[in-house]
Amino acid sequence: MVEQVVKMGSMSNVIVFCFCLWTLLFSLASSAPNDGLRRIGLKNIRLDGDDVMRFKELRKNVLQNVLRGADGADIVALKNYLDAQYYGEIAIGTPPQTFTVIFDTGSSNLWVPSSKCYLSLACYTHAKYKSSKSSTYTENGTSAAIQYGSGSISGFFSNDNVRVGDVVVNNQAFIEATREPGVTFVAAKFDGILGLGFQEISVGNAVPAYSCHRYNMVEQGLVKDPIFSFWLNRKPEEENGGEIVFGGADSAHYRGKHTYVPVTRKGYWQFDMGEVLIAGKPTGFCASDCSAIADSGTSLLAGPTTIITEINQAIGASGVVSKQCKSVVEQYGQTILELLLAEEKPKKICSQIGLCSFDGTRSVSMGIESVLDKVERESSGGTQGAACSTCEMAVIWIQNQLRQNQTEEQIIDYVNGLCDKLPSPMGQSSVDCGQISSMPIVSFTIGGKVFDLSPNEYILKVGEGPQAQCISGFIALDVPPPRGPLWILGDIFMGPYHTIFDYGQQRVGFAEAA
């Protein structure tokens with residue numbers, strides 16, 4: 001899903017998203033005759049302020065849906081494709097009808113607007129597939145719908161030949177979108193989406209286009225291996241924005257060897273991630289491993305609010321003051337501290353002090369089993385659920401400070417400071433552009449190797465001179481169990497680190513990008 005090449009800045013006190021969009025302009029860049037690789041060139045195009053303003057509210061809706069843990073809110077629901085328009089050309093039908101699509105490792109369906117889409121404005125601003133114009137079209141007709149949190153598409157499956165690069169997949173199933181309600185896709189620079197995830201998350205259990213390409217490319221001798229790789233050029237002033245390579249990886253785009261980790265849950269490219277470090281110091285949040293996905297459709301680096309708040313505090317990012325947070329710390333901070341010192345189980349503390357209930361494995365909001373209580377919570381703004389979540393964050397924050405042998409007074413002051421750094425409802429946090437050089441390295445442990453992100457890599461800068469705006473590339477997204485908690489490593493991570501998606505061995509590899 002999740003959900004985004006976004007640089008966020010403020011204009012007239014309104015935070016807007018403005019970033020250099022990476023766009024996949026389909027250039028069938030020729031490879032050496034026998035290297036077995038098929039390349040798709042990338043370019044970057046700047047998004048103007050008007051486009052960014054239209055995307056602002058859409059992102060807010062996505063985040064709100066995820067934070068509520070809405071039914072059916074999967075990683076796809078976290079995606080805001082308008083923030084990361086990685087797109088390139090494909091062709092469907094005979095003769096070929098050309099479409100721009102996002103190449104997205106966080107979803108698995110291919111869809112484009114249909115000529116039978118009559119009532120959605122988005123269909124009138126984009127190319128539409130006309131089955132009557134294709135001699136290779138085969139009727140399917142099965143209904144399909146995909147919910148994206150801030151918007152949705154619905155339609156029906158059809159089958160036709162799909163060309164990606166110079167490879168044609170015969171009789172590929174795809175969705176003809178007949179409804180694209182709202183404004184979500186109206187302002188989009190792309191027509192549709194081509195998912196590069198696994199079939200397990202494919203709507204209608206349709207075989208993903210890349211799965212077909214995998215077999216066709218390998219069996220026809222067009223590629224060496226069932227692999228594709230991303231290289232993203234993070235220099236916006238350069239015309240060449242990078243490329244996707246099908247069949248392997250271009251050694252000119254990385255240094256050293258890749259560190260591989262196995263896919264732990266098929267669907268997304270999900271794997272286990274180890275400790276998160278700030279300035280070389282472990283946060284303790286992923287001491288017993290966390291789950292993460294590598295997602296080309298997400299521009300930022302998303303993670304649980306608890307640790308993202310700590311990261312943003314460490315880099316000097318300012319968010320929105322949370323009165324609820326400070327209230328919990330004021331009333332229960334000392335009690336939480338004393339219970340931790342008494343070696344009570346951290347997961348039970350918030351239920352012990354009455355802010356959460358305990359389901360045997362974790363804390364849950366009080367009264368969550370009761371429909372009546374749920375309605376009352378929602379009508380009162382969800383304050384009980386917020387208190388429970390804040391308590392859980394406070395437990396982790398205090399626990400981390402105890403490991404560093406801080407005094408009780410220092411710990412309570414630190415936690416109150418974190419309350420001030422909680423991200424805004426839209427997730428973004430601003431920083432002082434003049435302080436970038438003094439910000440700490442933030443690191444992620446994958447496959448036993450530590451991958452560093454420097455301030456210049458995780459800070460998004462919009463504009464130059466005194467008008468420049470700088471935004472933290474770390475965004476808070478809380479994915480509820482059983483899928484979460486989950487980290488989403490988007491372009492902030494995939495830019496510095498060349499990424500290989502190995503379909504054959506079901507693993508993901510990272511190496512320093514060149």
Side-chain angles (χ1 to χ4, degrees), residues 24 26 28-42 86 88-91 101-110 159 161-174 193-202 205-232 242-254 257-272 292-297 446-447 489 494 497-511 513:
L24 285 175
F26 229 85
L28 302 183
S30 56
S31 47
N34 298 316
D35 73 352
L37 305 179
R38 292 295 177 267
R39 294 173 169 84
I40 298 174
L42 300 171
Y86 282 83
E89 286 187 356
I90 66 169
V101 296
I102 290 176
F103 289 84
D104 176 32
T105 60
S107 65
S108 298
N109 286 93
L110 167 61
N159 290 68
N161 294 351
V162 176
R163 175 172 61 81
V164 178
D166 53 359
V167 177
V168 177
V169 178
N170 295 321
N171 201 37
Q172 169 67 36
F174 66 98
I193 294 168
L194 191 155
L196 294 171
F198 291 89
Q199 187 173 0
E200 280 74 4
I201 58 169
S202 175
N205 200 37
V207 177
Y210 178 67
S211 180
C212 291
H213 276 73
R214 170 199 170 193
Y215 296 115
N216 283 345
M217 287 181 178
V218 174
E219 290 177 1
Q220 295 175 25
L222 300 174
V223 297
K224 294 187 298 184
D225 299 298
I227 289 172
F228 62 92
S229 58
F230 275 82
W231 169 64
L232 305 180
E243 68 180 9
I244 299 177
V245 177
F246 289 94
D250 188 335
S251 59
H253 293 326
Y254 61 88
K257 295 182 178 180
H258 285 76
T259 297
Y260 287 96
V261 284
V263 173
T264 55
R265 184 169 183 173
K266 287 177 64 177
Y268 309 101
W269 291 89
Q270 183 170 328
F271 52 90
D272 288 336
I293 66 172
D295 187 358
S296 63
I446 300 173
L489 307 186
M494 289 177 60
Y497 295 104
H498 180 272
T499 307
I500 289 180
F501 297 85
D502 189 336
Y503 201 104
Q505 298 189 53
Q506 297 190 8
R507 61 180 184 169
V508 184
F510 302 98

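- The shortest non-hydrogen separation linking Ala294 to Phe271 is N-CE2, 3.7 Å.
- From Ile244, atom CD1 reaches atom CG of Leu232 across 8.5 Å, with rounding to the nearest 0.5 Å.
- Ser229 and Ala249 get closest at one heavy-atom pair: OG-CA, 3.5 Å.
- Residues Leu196 and Phe230 form a side-chain contact, since some pair of their non-hydrogen atoms from C-beta on lies under 4.5 Å apart.
- Residues satisfying the ring-ring contact (aromatic ring centres under 6.0 Å, His included) criterion with Tyr497, sequence neighbours excluded, are Phe451, Phe493.
- Expressed to the nearest 0.5 Å, how far CZ of Phe228 lies from CD1 of Ile500 amounts to 11.0 Å.
- With rounding to the nearest 0.5 Å, the separation of CZ in Arg507 from OG1 in Thr264 is 15.5 Å.
- Taking each heavy atom of Gln172 and Val169 in turn, the nearest pair found is OE1-CG1, 3.7 Å.
- When all heavy atoms are compared, the tightest approach of Ser296 to Phe103 is OG-O, 3.0 Å.
- For the side-chain contact (heavy atoms from CB on, under 4.5 Å) test, residues two or more places apart in sequence or in another chain that qualify with Asn161 are Thr94, Thr136, Val168, Asn170.
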Q | Derivation of the side chain to side chain contact (heavy atoms under 4.5 Å, CB included) call for Asp295 and Tyr268 | A | CA-CA 8 Å; Asp295 187 358; Tyr268 309 101; over 6 Å; no
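- Across all their heavy atoms, Phe198 and Ser108 have their closest contact at O-OG, 2.5 Å.
- Using a 4.5 Å heavy-atom threshold, the side chains of His258 and His498 count as touching.
- Note on ring orientation: taking the six-membered ring where Trp is involved, the planes of Trp269 and Phe501 are perpendicular (angle over 60°, cut-offs 30° and 60°).
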Q: Test Val508 against Thr499 for side chain to side chain contact (heavy atoms under 4.5 Å, CB included), laying out the working first.
A: CA-CA 7 Å; Val508 184; Thr499 307; 3.9 Å; yes
